[in-house]
Amino acid sequence: MNITTNVFFLLEKRIQIVLFSVMIILLFVPYLSILSFVLAIFLAASVYIERYTKRLTSQMDVTWRQFDSILFKDDRCKFTLDLTNVHLLNEMSTKTYIRTPKDKHYTVNLEGHTESIIELDELSSDFVFELTGNRRGPIEIAEISITISLPLSLGTLTLYFSPPLRWTVYPSISSTHAQRIRSHLKLGERVSKYSPIKDRLLQISSKPYEDEPSRQIDWYATAKKSTLQTKLYQPVNQDMFTVYLDLSASNGIGLHHQFEELIEDTALVSRELIESGGKVELFVNRLDQKGHVNHLSIQEGAKQLKNILALLSSLSEQDHYMGSTRFSPYVTKIKNKQAQLIKIASTT
């Protein structure tokens with residue numbers, strides 16, 4: 001916690017010695033001794049503010065609590081700030097303001113408020129804040145400040161709190177771009193509730209209706225059981241996939257203008273495949289510090305999806321990337337030979 005003051009210049013600590021010296025001199029100057037009493041008042045107020053600031057520093061403790069360290073893009077999570085001896089601030093304040101930071105990567109608001117500067121009648125000992133991840137990637141939020149107006153219009157005192165908290169924002173995996181995902185998976189009219197590793201040409205059974213499209217309803221089974229039934233399909237042999245993410249521009253110079261969309265598509269495709277029971281490996285044309293291409297070997301389940309999302313969240317436009325002409329043959333050579341290749345890259 002850092003504390004700064006913004007007060008009338010005669011109250012600043014750096015001129016206390018000057019005030020004291022001038023006050024002593026004026027005591028012995030005829031007709032000007034009254035000014036020494038005025039300066040004494042300013043000096044006393046300056047010393048009091050200085051000691052009050054030291055008291056706040058020594059007696060106020062700050063405690064942060066973080067409930068989540070991972071969130072998805074556009075999701076919200078909460079964290080809290082607890083202050084001990086907050087009455088020290090309330091006793092001195094005539095007006096109180098809380099300022100929360102705002103950045104292109106995130107937004108922080110006091111719970112129940114949307115403004116970045118909030119005026120309060122009185123401070124409580126604990127504050128609940130809401131963090132919204134606006135962009136994918138790591139987040140370290142800037143300072144949160146509390147400003148109080150001092151009595152007699154002497155000035156303001158501001159406390160700055162730097163949260164020692166860190167978050168990682170994963171790319172969104174909500175199906176907001178279903179048509180693009182279908183094109184990546186090349187499944188045509190595929191419905192998201194069905195597995196991408198089921199054979200639509202071979203029905204093996206039926207099951208109770210669960211809000212599937214009408215084309216999936218098994219009318220014969222429905223008539224037989226008198227309740228809506230939908231079709232179940234035979235699993236295919238293919239259950240391993242190589243997801244190939246190339247973030248280079250189509251002309252080979254720089255990165256693609258849809259950098260974020262390609263990353264989000266990769267997250268959605270990976271989620272779709274893994275939730276359907278598939279085994280997935282991921283190649284990204286980013287180079288690490290040793291010059292190696294980012295590669296997650298083939299695995300299945302929630303752990304692999306988490307690994308993929310963590311890798312995707314770490315991608316930055318400042319990283320180094322391998323060109324498409326080198327990346328494509330490299331993936332073909334290294335990938336699992338039994339896995340179906342799903343390429344997510346620039347087409348324009």
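- Following chains of ILVMFWY side-chain contacts shorter than 4.5 Å, one cannot reach Val128 starting from Ile141, and the two form parts of different hydrophobic clusters.
- Using a 4.5 Å heavy-atom threshold, the side chains of Ile144 and Arg99 count as separate.
- Side chain of Ser328 to main chain of Thr325: no donor-acceptor pair is present (N/O by atom type, distance under 3.5 Å, no hydrogens or angles).
- Counting heavy atoms from C-beta outward, Leu247 and Leu315 have side chains that approach closer than 4.5 Å.
- The two residues Thr156 and Val7 have their closest heavy-atom pair at O-CG1, 4.4 Å.
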Could you give me the CA-CA distance, side-chain angles and deciding distance for Leu159 and Ser145, then say whether side-chain contact (heavy atoms from CB on, under 4.5 Å) is met? CA-CA 5 Å; Leu159 293 77; Ser145 66; over 6 Å; no
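- Ile308 CD1 to Leu245 CG: the interatomic distance, rounded to the nearest 0.5 Å, is 11.0 Å.
- Judged by distance alone, the side chain of Ser46 and the main-chain N or O of Gln16 form no donor-acceptor pair under 3.5 Å.
- Taking a 6.0 Å sphere around CZ of Phe259, one finds it holds more than 12 heavy atoms contributed by other residues, nucleotides or ligands.
- Here the shortest heavy-atom pairing between Gly323 and Ser248 reads CA-OG, 4.1 Å.
- Counting non-hydrogen atoms of other residues, nucleotides and ligands closer than 6.0 Å to OH of Tyr330 gives a total above 12.
- Arg135 is not listed as a side-chain neighbour of Lys73, based on a closest heavy-atom distance of 4.5 Å or more.
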Ser116 vs Asn109, test: side-chain hydrogen bond (donor to acceptor under 3.5 Å, both in side chains). Steps then yes/no. CA-CA 6 Å; Ser116 59; Asn109 294 113; over 6 Å; no
Step-by-step side-chain contact (heavy atoms from CB on, under 4.5 Å) determination, Leu305 to Asn307: CA-CA 5 Å; Leu305 180 58; Asn307 292 337; over 6 Å; no
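- Under the 30°/60° scheme for interplanar angles, the aromatic rings of Trp64 and Phe79 are found to be tilted.
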Determine, step by step, whether Asn285 and Val331 satisfy the side-chain contact (heavy atoms from CB on, under 4.5 Å) criterion, reporting the C-alpha distance in whole Å, the side-chain angles of both residues, the deciding distance to 0.1 Å, and the verdict. CA-CA 9 Å; Asn285 68 322; Val331 173; over 6 Å; no
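- With hydrogens and angles disregarded, a donor-acceptor distance shorter than 3.5 Å links the side chain of Arg271 to the backbone of Ile173.
- The OG atom of Ser93 sits 11.0 Å away from the CG atom of Leu88 when rounded to the nearest 0.5 Å.
- When only modelled atom types and interatomic distance are considered, Asp126 and Ser124 share no side-chain donor-acceptor pair under 3.5 Å.
- The side-chain heavy atoms of Ile146 and Tyr97, taken from C-beta on, include no pair separated by under 4.5 Å.
- Atom OG of Ser125 is separated from atom CG of Leu83 by 8.0 Å, given to the nearest 0.5 angstrom.
- Between Phe42 and Phe8, the ring planes lie tilted relative to each other; the angle falls in the 30° to 60° range.
- In this structure, Gln66 contributes its side chain and Asp68 its backbone to a donor-acceptor pair below 3.5 Å.
- Around atom CZ of Arg326, no more than 12 heavy atoms belonging to other residues, nucleotides or ligands sit under 6.0 Å away.
- Leu165 and Leu81 end up in the same hydrophobic cluster when Ile, Leu, Val, Met, Phe, Trp and Tyr side chains are linked at under 4.5 Å.
- For the pair Met240 and Glu300, the minimum side-chain heavy-atom distance is 4.5 Å or more.
- Centroid-to-centroid, the aromatic rings of Tyr106 and Trp167 stay 6.0 Å apart or farther.
- The shortest heavy-atom contact between Pro208 and Thr230 is O-OG1, 3.9 Å.
- For the pairing with Phe127, the side chain to side chain contact (heavy atoms under 4.5 Å, CB included) check across Thr80, Asp82, Ile98 returns one residue only, Ile98.
- In terms of hydrophobic clustering, with Ile, Leu, Val, Met, Phe, Trp and Tyr side chains grouped at heavy-atom distances under 4.5 Å, Ile17 and Leu26 are assigned to different clusters.
- The two atoms that bring Pro151 and Thr94 nearest to each other are CA-CG2, 4.0 Å, heavy atoms only.
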Yes or no on side-chain hydrogen bond (donor to acceptor under 3.5 Å, both in side chains) for Arg136 and Ser172, after CA distance, side-chain angles and deciding distance? CA-CA 8 Å; Arg136 169 198 56 81; Ser172 174; over 6 Å; no
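- Here Tyr321 and Phe327 keep their ring centres 6.0 angstrom or further from each other.
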Mind running side-chain hydrogen bond (donor to acceptor under 3.5 Å, both in side chains) on Thr242 and Glu281 for me, showing each step along the way? CA-CA 5 Å; Thr242 296; Glu281 68 174 336; 2.6 Å; yes
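- The backbone N or O of Val108 lies less than 3.5 Å from a partner atom in the side chain of Thr100, making a donor-acceptor pair.
- Judged by distance alone, with hydrogens and angles left aside, the side-chain atoms of Lys337 form a donor-acceptor pair with the main-chain N or O of Lys333 at under 3.5 Å.
- Put simply, Val38 and Ile24 are part of the same group of oily side chains (I, L, V, M, F, W, Y) that touch within less than 4.5 Å, one to the next.
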Apply side-chain contact (heavy atoms from CB on, under 4.5 Å) to the pair Tyr160 and Ile3, showing each step before the final yes or no. CA-CA 6 Å; Tyr160 296 94; Ile3 302 177; over 6 Å; no
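- Between Phe283 and Ile334 there is a side-chain heavy-atom pair separated by less than 4.5 Å.
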Output, in order, the C-alpha distance, side-chain angles, deciding distance and verdict of side-chain hydrogen bond (donor to acceptor under 3.5 Å, both in side chains) for Gln318 and Ser316. CA-CA 5 Å; Gln318 282 70 49; Ser316 169; 2.9 Å; yes
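- At least one donor-acceptor pair closer than 3.5 Å links the side chain of Gln304 to the backbone N or O of Val280.
- Remark: side-chain polar atoms of Asp288 are paired, donor with acceptor, to backbone N or O of Gly291 under 3.5 angstrom.
- Of all the heavy atoms in Leu11 and Ala45, the pair that sits closest is CD2-CB, 3.6 Å.
- A donor-acceptor distance shorter than 3.5 angstrom exists from the side chain of Lys335 to the backbone of Ala339, with no hydrogens or angles considered.
- When side chains are defined from C-beta on, Met92 counts as touching Leu150, because their heavy atoms get closer than 4.5 Å.
- In this structure, the separation between OG1 on Thr114 and CD on Glu130 is 10.5 Å, given to the nearest 0.5 Å.
- Within the 4.5 Å cutoff, no side-chain heavy atoms of Ile139 are placed close to those of Thr168.
- Nearest approach of Leu56 to Met1, heavy atoms of both residues: O-CE, 3.7 Å.
- Cluster membership check: Val62 shares its hydrophobic cluster with Leu157, using side-chain heavy-atom separations under 4.5 Å among Ile, Leu, Val, Met, Phe, Trp and Tyr.
- Considering CE of Met322 and NE2 of His292, their distance stands at 10.0 Å, rounded to 0.5 Å.
- Residue Leu154 holds its CG atom at 12.0 Å from CG of Asn6, rounded to the nearest 0.5 Å.
- Of the possible polar contacts, one joining the Asn90 side chain to the Leu123 backbone as a donor-acceptor pair under 3.5 Å is found.
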